Participant: 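First the structure, which I've put down as structure tokens, then a few questions once you've had a look.
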Number of protein chains: 2
Amino acid sequence: MSSNGEHRGEWHEEQQAGGRRAEAYGSDVRAQLHHRVPDLGALELLLAVARHGSLGAAAREVGITQPAASSRIRSMERQLGVALVDRSPRGSRLTDAGALVTDWARRIVEAAEAFDAGAQALRGRRDSRLRVAASMTIAEYLLPGWLIALRAERPDTAVSLQAGNSAVVAERLLANEADMGFVEGLAVPDGLDGVVVAHDRLMIVAAPSHPWARRRGPLGLAELAATPLVLRERGSGTRQVLDAALADHGGLARPLLELASTTAVKAAAVSGAGPAVLSELAIAEELASRRLVAIPVEGVELRRDLRAVWPTGHRPTGPARDLLSLTRARPAG
Amino acid sequence: MSSNGEHRGEWHEEQQAGGRRAEAYGSDVRAQLHHRVPDLGALELLLAVARHGSLGAAAREVGITQPAASSRIRSMERQLGVALVDRSPRGSRLTDAGALVTDWARRIVEAAEAFDAGAQALRGRRDSRLRVAASMTIAEYLLPGWLIALRAERPDTAVSLQAGNSAVVAERLLANEADMGFVEGLAVPDGLDGVVVAHDRLMIVAAPSHPWARRRGPLGLAELAATPLVLRERGSGTRQVLDAALADHGGLARPLLELASTTAVKAAAVSGAGPAVLSELAIAEELASRRLVAIPVEGVELRRDLRAVWPTGHRPTGPARDLLSLTRARPAG
DNA sequence: ATGACGTCATAAGCTGGCCTTATGAGCAGC
DNA sequence: GCTGCTCATAAGGCCAGCTTATGACGTCAT
């Protein structure tokens with residue numbers, strides 16, 4: 001957040017043209033996503049239609065009446081300008097375009113599920129059956145998925161989440177204010193036991209337009225160390241790992257940009273500011289869609305262990321064990 | 001969806017104190033995501049608040065008034081049961097929980113952007129400046145990201161999209177009803193030229209609970225061939241590649257399940273039905289969150305080339321070239 | 001100190017979207 | 001032809017979210 005506020009800003013100037021309603025909305029109402037994307041309810045309904053092959057059945061699933069579903073799908077088709085379902089007296093099937101739209105919709109709904117799982121844990125009461133404390137990276141990228149999986153297996157487990165750095169996690173666990181913790185970093189904090197549940201690899205990434213994206217061989221360490229990069233600020237977790245790994249290669253060059261959040265670094269890299277170093281967790285989607293390209297580097301593995309932790313001697317039991325078993329890394333590489 | 005719905009409900013009971021409503025909706029209203037997840041407009045507003053550090057400024061960005069923003073954020077906090085922003089007379093900053101929620105929200109908004117980019121192209125008129133024909137896999141997973149990137153670089157390029165198999169893509173191109181195509185598969189259709197823009201690797205995946213997820217070494221080819229898998233139906237693109245690759249190892253065992261869509265295969269695998277074979281594009285997120293685990297296999301690379309194609313001799317120019325340059329794979333492996 | 005400008009909150013009123021119920025029409029199978 | 005499924009249309013109600021108008025609080029410059 002913050003920090004990447006410059007290469008935007010061209011476009012919300014005209015929005016305030018001022019005046020009343022018609023003007024207040026400005027001429028580019030449609031710059032807002034939610035005017036062009038159906039709301040979650042409609043998307044859920046569409047997925048239900050895809051599953052059931054019937055508007056009425058879908059309506060029942062989402063708890064509305066058939067006419068409501070009918071009108072909602074219709075207005076979604078109007079909004080998108082695309083026919084989504086073929087209606088017939090014996091049911092409704094998705095059109096080809098509808099199938100595609102449904103797939104895209106599913107991604108939104110999945111993201112919403114992760115949001116929900118996370119938010120629910122964040123609100124979680126102290127009396128939850130499973131109180132989790134986790135580092136930011138883990139809470140942000142991994143935990144929602146785990147919570148969804150946990151919910152699928154043990155629907156009655158109420159989870160609460162507290163996010164913070166390793167020290168906070170340790171403190172919570174030792175004060176018995178959390179049943180299980182997740183930390184990233186090189187060592188297990190004092191007083192805690194733990195197991196590695198995953199590895200977070202730091203990757204060198206660049207926009208596809210960057211020359212490095214066209215290299216033939218992997219990057220040499222010296223070259224990496226000599227190139228100004230987009231980085232998190234000194235002191236951050238990822239920066240520590242990076243500094244440590246390159247210490248005996250002369251250390252890093254002066255950064256091209258130092259930004260305060262993972263998101264800002266990512267945005268800078270995507271927009272072509274320069275090569276950046278980011279957790280693979282943060283960039284899975286950008287890699288898949290080729291908004292970013294991973295640059296192989298010779299001779300370093302910038303790995304960081306992600307661990308589940310608990311107070312020494314108190315192996316997790318009950319819900320905590322359920323969660324742990326979901327997250328266990330497979331032993332081999 | 002479904003599955004949960006009981007261990008909550010303490011706190012938005014009172015929101016609809018009204019009598020009849022409660023019944024019309026049925027008792028498990030809250031099973032629906034959109035009752036627990038703020039709508040897109042609210043999420044966009046939250047992101048704007050994060051960027052600007054001020055409710056008023058955020059309100060201006062999204063084109064509403066400050067009181068509207070204030071009330072919207074507040075009701076989002078009520079809905080989630082979590083304080084998201086610290087208000088002060090000199091601005092508003094996200095709380096820790098708010099930062100986390102904002103990160104989760106960003107994923108939803110990004111998915112919505114992809115949806116929007118795709119839907120817009122799908123609706124696109126024949127007179128668009130760039131008419132694209134693409135295979136399903138590419139249209140589903142890759143194209144939205146490319147379109148977002150293209151829009152960022154050339155905001156005035158109107159794109160239209162037609163999805164279909166290789167034959168359809170070829171036909172469109174040759175009839176000059178498309179300016180550029182994308183196909184997956186082993187060969188370039190007759191009459192077309194093309195370049196490889198990406199590689200789609202088929203991966204063997206299983207739920208983390210599956211024994212294969214705990215193997216030490218990679219899987220042998222023979223063992224793979226002997227194990228019933230969850231697969232797409234015979235004739236599908238992924239199935240062809242798989243059958244070809246394993247032909248000289250005795251071919252595949254009888255499938256455990258044959259399903260009609262990638263989504264269905266994925267769902268079966270995640271739910272632990274058995275190991276499945278899926279495009280890496282389809283499972284990036286599941287791998288990152290460990291809902292699925294990739295099983296390394298000895299001695300095969302199930303690769304499939306993804307190519308940009310055009311009628312022989314008509315190298316892409318103008319908008320088509322812009323798009324192509326976004327998608328170009330880097331030469332090395 | 002005092003006013004100007006920034007922040008956010010509260011109150012009252014309008015409106016549009018989405019829901020409901022009630023009804024009708026098309027097609028399949030006994 | 002009846003029964004059961006499908007979807008569509010019409011009329012009416014309610015609520016969420018918007019607007020404008022106002023007030024209170026804090027900071028900074030005069």
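Reminder, nothing fancy here: chain letters follow the sequence lines and each chain counts from 1. It should be emphasised that the depicted structure is a prediction, and the values quoted were computed from it without experimental measurement.
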Participant: With sequence neighbours excluded, tell me which residues meet side-chain contact (heavy atoms from CB on, under 4.5 Å) with A:P255.
Facilitator: A:L231, A:R239, A:E258
Participant: Going by the side chain to side chain donor-acceptor pair (under 3.5 Å) test, which pairs reach into residues 78-100 of chain A, not counting sequence neighbours?
Facilitator: A:E77-A:R87
Participant: Got a sec, which pairs hit salt bridge (charged side-chain N to carboxylate O under 4.0 Å, His left out) with one end in residues 38-48 of chain B, sequence neighbours left out?
Facilitator: B:D39-B:R72
Participant: Please state how far atom CD in B:E44 lies from atom P in D:dG17, giving the value in whole angstrom units.
Facilitator: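 Going from B:E44 (CD) to D:dG17 (P), I get 15 Å.
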Participant: Please list, chain by chain and in numerical order, all residues satisfying side-chain contact (heavy atoms from CB on, under 4.5 Å) with B:A267, sequence neighbours excluded.
Facilitator: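 So B:A267 forms no side-chain contact (heavy atoms from CB on, under 4.5 Å) with any residue.
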Participant: With a non-hydrogen cut-off below 4.0 angstrom, is A:T65 in contact with a base, only sugar-phosphate, or nothing?
Facilitator: base
Participant: Report the residues that fulfil side-chain contact (heavy atoms from CB on, under 4.5 Å) with B:E171, sequence neighbours left out, ordered by chain and then residue number.
Facilitator: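 For B:E171 there are no side-chain contact (heavy atoms from CB on, under 4.5 Å) partners, ignoring immediate neighbours.
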Participant: NE2 of B:H35 versus C1' of C:dC18: gap in Å, rounded?
Facilitator: 11 Å
Participant: Report the distance from atom CG of B:L40 to atom P of C:dG17, rounded to the nearest whole Å.
Facilitator: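 Distance, rounded to whole Å: 17 Å.
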Participant: Tell me, please, which residues at least two apart from B:T263 pass side chain to side chain donor-acceptor pair (under 3.5 Å).
Facilitator: A:R106
Participant: How long is the span from the CG atom in B:L43 to the CZ atom in B:R107, to the nearest 0.5 Å?
Facilitator: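 Atom-to-atom, B:L43:CG and B:R107:CZ are 14.0 Å apart.
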Participant: Give the rounded distance in Å between these two atoms: CZ of A:R60 and P of D:dG4.
Facilitator: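 Atom CZ in A:R60 sits about 14 Å away from atom P in D:dG4.
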Participant: With sequence neighbours left out, what residues match A:A57 under side-chain contact (heavy atoms from CB on, under 4.5 Å)?
Facilitator: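 A:A57 satisfies side-chain contact (heavy atoms from CB on, under 4.5 Å) with A:H52, A:S54, A:R60 once adjacent residues are dropped.
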Participant: Excluding sequence neighbours, so at least two apart, what forms side chain to side chain donor-acceptor pair (under 3.5 Å) with A:S71?
Facilitator: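 Residues passing side chain to side chain donor-acceptor pair (under 3.5 Å) with A:S71: none at all.
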Participant: State which of D:dT6, C:dC8, C:dC18 makes the closest approach to the side chain of B:L55.
Facilitator: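 Between D:dT6, C:dC8, C:dC18, the one nearest the side chain of B:L55 would be C:dC8.
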Participant: State which residues pass side chain to side chain donor-acceptor pair (under 3.5 Å) with B:T157; sequence neighbours excluded, sorted by chain then number.
Facilitator: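 Scan of B:T157 (side chain to side chain donor-acceptor pair (under 3.5 Å), adjacent residues dropped) gives none.
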Participant: For B:R87 and D:dA24, what is the distance between atoms CZ and C1' respectively, to the nearest whole Å?
Facilitator: 16 Å
Participant: Counting only side-chain heavy atoms from C-beta out, which of C:dC18, C:dA9, D:dT6 sits nearest to A:D39?
Facilitator: C:dC18
Participant: Estimate the overall bend of the helix from C:dA1-D:dT30 to C:dC30-D:dG1 from the end axes over five pairs each, rounded to 10 degrees.
Facilitator: 20°
Participant: Can you measure B:L45 atom CG to C:dC8 atom C1' for me and round it to whole angstrom units?
Facilitator: 14 Å
Participant: Starting from C1' on D:dA8, measure out to CD on A:Q66 and report it in whole angstrom.
Facilitator: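 So the CD-C1' distance, A:Q66 to D:dA8, works out to 7 Å.
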Participant: Can you check each nucleotide of nucleotides 25-30 of chain D against protein heavy atoms at under 4.0 Å and return B for base, S for sugar-phosphate only, - for none, in 5' to 3' order?
Facilitator: -SS---
Participant: Look up atom CZ in B:F115 and atom CD in B:Q120, then write down how far apart they are to the nearest 0.5 Å.
Facilitator: 11.0 Å
Participant: Tell me, which of residues 67-82 of chain A have any heavy atom that sits under 4.0 Å from an atom in DNA chain C?
Facilitator: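 Only A:P67, A:A68, A:R72 qualify.
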